[in-house]
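Side-chain atoms are counted along with the backbone in the values below, which use heavy atoms only and exclude waters and symmetry mates. Chain naming here is simple, since letters A, B, ... match the order of the sequence lines and numbering starts at 1 in each.
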2 protein chains.
Amino acid sequence: MKVEAKLNPTYEEIVDIFNRALSKEAIVNIFAHCRVFYDGRAKSELGPGDRVILIKPDGSFLIHQKEKREPVNWQPPGSSVGLEVKEDKIFLRSIRRKPREILEVELLNVYLISYFQAEDYEELALTGSEAEMADLIFENPSLIEDGFKPLFKEKPIKHGIVDVLGVDKEGNIVILELKRRRADLHAVSQLKRYVEAMREEHEKVRGILVAPSLTSGAKKLLEKEGLEFRKLTPPKRGKSKRGRQKTLFD
Amino acid sequence: MKVEAKLNPTYEEIVDIFNRALSKEAIVNIFAHCRVFYDGRAKSELGPGDRVILIKPDGSFLIHQKEKREPVNWQPPGSSVGLEVKEDKIFLRSIRRKPREILEVELLNVYLISYFQAEDYEELALTGSEAEMADLIFENPSLIEDGFKPLFKEKPIKHGIVDVLGVDKEGNIVILELKRRRADLHAVSQLKRYVEAMREEHEKVRGILVAPSLTSGAKKLLEKEGLEFRKLTPPKRGKSKRGRQKTLFD
DNA sequence: CGTGCCAGGTGCCGT
DNA sequence: ACGGCACTTGGCACG
């Protein structure tokens with residue numbers, strides 16, 4: 001069976017279904033009233049409440065409250081999960097090694113347990129990333145400025161890795177730091193670090209922050225440091241047609 | 001009913017259960033074979049496959065494949081969800097405004113639809129954060145060095161916000177950048193930015209990176225810049241009587 | 001593996 | 001809202 005679901009299961013049914021799900025490498029889904037304990041890189045406690053628990057066959061373990069995109073507690077892929085019944089209590093326990101982390105869920109009441117032997121061979125195809133900004137600049141360097149010649153992508157230097165390294169028409173070394181979204185102080189610091197590292201060994205080095213926009217603070221720091229800005233929005237490459245993104249949702 | 005679940009539902013049952021879930025502000029959980037389209041800050045497409053869909057009453061929308069901690073597609077809290085049946089096809093659509101983003105799920109087959117009217121009044125209590133490192137330093141400044149006097153926490157300066165600002169026994173201004181985990185190049189850049197900003201207006205300014213450890217690159221840059229390092233691991237404060245605070249006093 | 005860095009980052013808290 | 005930043009960040013690519 002690819003999917004199974006049981007409302008208000010007994011302890012025996014929970015154990016039974018859980019083990020069957022594990023053997024099938026299915027995704028386990030539990031609606032439960034529970035308490036949660038975590039100890040590892042940090043440590044946390046969560047009192048009794050209703051949550052959704054998701055356990056994936058790769059060891060990922062998610063506990064979701066009824067709000068927010070983020071799980072309140074979790075365990076990353078590679079963790080090992082187990083179910084334990086002792087003294088009229090039932091626990092889910094997930095252990096990660098390196099770093100050692102333990103997630104423990106006391107199931108006070110299980111409203112629903114289900115599993116899903118999911119078959120999925122598709123991968124996400126995403127466009128509009130920073131990497132595509134770099135590609136775009138290599139295809140059309142004049143987007144930065146007339147005479148700009150990009151030479152390296154993801155080039156390791158003394159203290160970090162430069163997004164794009166090139167030269168301008170006057171022979172200056174040009175360092176580009178790309179941001180797919182509005183650039184902040186962090187981005188300026190990053191660019192400054194690269195520029196200073198290159199200036200240790202070269203005469204004329206320019207630094208250009210390339211992004212759709214700048215925060216106010218980033219603009220101030222950029223100007224103070226004598227760095228530059230070029231406005232550029234990451235492209236959304238259409239799979240088939242060159243048209244705008246209106247094709248699907250209008 | 002607090003929980004409801006239907007295996008292999010008809011279109012009508014899907015609509016029925018989905019609407020009931022919405023009116024109860026329940027969490028909706030769907031096991032489905034589906035395709036996914038997203039357009040917003042970026043744009044993506046995901047071909048047919050089995051996924052778990054979670055829709056929360058706050059508008060959060062998660063689509064999980066069978067691996068990884070992260071959803072393959074999602075919509076953040078505040079988004080509006082709708083279910084639409086047209087021409088023998090059934091779609092889930094979630095819209096976010098500001099920025100405008102659309103997530104569309106074509107449900108090719110629904111194995112299970114369930115909802116959970118979760119009641120939860122508990123919040124996570126977590127310890128071992130960077131904020132607690134700051135508290136610890138204010139309680140025991142000699143952890144940094146003898147004679148250190150912390151003055152401000154989260155102090156806004158010219159180009160950013162300093163974690164801890166204080167003075168040493170010789171009257172130098174001291175800037176602390178705290179990291180709860182191994183500090184990297186980014187952390188050093190951050191500290192350097194604060195130190196340089198303060199040096200514009202003060203004579204003697206020291207910068208100290210406070211973290212459990214340093215990456216090799218961070219160490220190199222830190223030394224080159226004349227910045228300092230103090231080893232400190234974020235404390236895990238025991239909530240109850242079980243004094244697990246050994247790390248504090250040994 | 002550790003190092004470095006992007007992410008549709010998310011979430012929190014300030015002005 | 002915009003800004004600055006932490007996060008059990010997660011995930012990836014590369015040496």
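Rounding to whole angstrom units, NZ of residue B:K179 and P of D:dT9 are separated by 11 Å. For A:I157 and C:dG4, the CD1 to P distance is 12 Å, given to the nearest whole Å. Taking atom NZ of A:K155 as the reference point, atom C1' of D:dG15 lies 13 Å away to the nearest angstrom. B:L124 has its CG atom 9 Å from the P atom of D:dT8, to the nearest Å. The CZ-P distance, from A:R96 to D:dG10, rounds to 6 Å in whole Å. Between B:K68 atom NZ and C:dA7 atom P the separation is 17 Å, expressed in whole Å. Rounded to an integer number of Å, the gap from A:R100 CZ to D:dT8 C1' is 15 Å. Protein atom CG of B:L126 is 16 Å distant from nucleotide atom P of C:dG11, rounded to whole Å.
If you check distances only, the side chain of B:E101 does reach the base of C:dG8 with a donor-acceptor pair under 3.5 Å. Residue B:Q75 places a side-chain atom within donor-acceptor reach of the base of C:dG8, judged by atom type and a 3.5 Å distance cut-off alone.
Salt-bridge annotation for A:R180 and A:E130: absent, with no side-chain N of the basic residue lying under 4.0 Å from a carboxylate O of the acidic one. Salt bridge annotation for A:R237-A:E139: present, with a cationic side-chain nitrogen under 4.0 angstrom from a carboxylate oxygen. Under the 4.0 Å criterion applied to side-chain N and carboxylate O atoms, A:K56 and B:E67 are not assigned as salt-bridge partners. Between B:E196 and A:K224, none of the side-chain N atoms (NZ, or NE/NH1/NH2) sits under 4.0 Å from a carboxylate O, so this pair counts as no salt bridge. Here B:E177 does not pair with B:K192 in a salt bridge; the nearest charged N to carboxylate O distance is not below 4.0 Å.
The listed nucleotides are D:dA1, C:dT10, C:dG4; the one nearest the side chain of A:E70 is C:dT10. Picking from D:dT8, D:dA6, C:dG8 the nucleotide with the shortest atom distance to the side chain of A:S44 gives D:dT8. The side chain of B:R69 lies closest to D:dG11, out of D:dT8, D:dG11, C:dG8. Listed nucleotides C:dG8, D:dC7, D:dC5 differ in distance to B:A42; the shortest reach to its side chain belongs to C:dG8.
Contacts of residues 180-187 of chain A with DNA chain D (heavy atom under 4.0 Å): A:R182, A:L185. Using a 4.0 Å cut-off on heavy atoms, none of the residues of residues 208-223 of chain B approach DNA chain D.
Nearer to the 5' terminus of DNA chain D, by closest-nucleotide assignment, is the contact made by A:V72 (compared with the other of B:E67 and A:V72). Residue order along DNA chain D, read from the 5' end via each residue's closest nucleotide, puts B:E154 first among A:P156 and B:E154. For A:S129 and B:S60, each mapped to the nucleotide of DNA chain C holding its nearest heavy atom, the one lying further toward the 5' end belongs to A:S129.
Nucleic acid contact for A:P99: none, since no nucleic acid atom lies under 4.0 Å from a heavy atom of the residue. A:F37 comes within 4.0 angstrom of no nucleic acid atom, judged by non-hydrogen atoms across all strands. Within 4.0 Å of A:E177, counting heavy atoms only, lie sugar-phosphate atoms of the nucleic acid but no base atom. Residue contacts for A:P77: at a heavy-atom cut-off of 4.0 Å it reaches the sugar-phosphate backbone alone, with no base atom in range. Heavy atoms of A:G40 sit nowhere under 4.0 angstrom from any nucleic acid atom.
C:dG4 and C:dG8: their P atoms are spaced 23 Å apart (whole Å). For D:dG4 and D:dT8, the P atoms lie 23 Å apart once the distance is rounded to whole Å.
Every residue two or more places apart in sequence or in another chain that forms a salt bridge (charged side-chain N to carboxylate O under 4.0 Å, His left out) with A:R51 is listed here: B:D120. Every residue meeting the side-chain hydrogen bond (donor to acceptor under 3.5 Å, both in side chains) condition with A:K153, not counting sequence neighbours, appears here in chain and number order: A:D135. Listed by chain and residue number, nothing satisfies the side-chain hydrogen bond (donor to acceptor under 3.5 Å, both in side chains) test with B:E122 (two or more places apart in sequence, or in another chain).
Considering only side-chain N and O atoms, A:Q190 lies under 4.0 angstrom from the phosphate OP1 or OP2 of C:dC6. Contact annotation: A:W74 side-chain N/O to D:dG10 OP1/OP2 distance is under 4.0 Å. Here B:Y194 reaches the OP1 or OP2 of D:dC5: one of its side-chain N or O atoms lies under 4.0 Å away. The side chain of B:R41 places an N or O atom within less than 4.0 Å of a non-bridging phosphate oxygen (OP1 or OP2) of C:dG9.
Across all non-hydrogen atoms, the minimal contact from B:K155 to B:L165 is CG-CD1, 4.1 Å. Minimum interatomic distance between A:P48 and A:H33 (heavy atoms only, all atoms of both residues): CB-NE2, 3.6 Å.
Pairs engaging residues 51-81 of chain A under the ring pair (Phe, Tyr, Trp, His ring centres under 6.0 Å) rule: none recorded [sequence neighbours left out].
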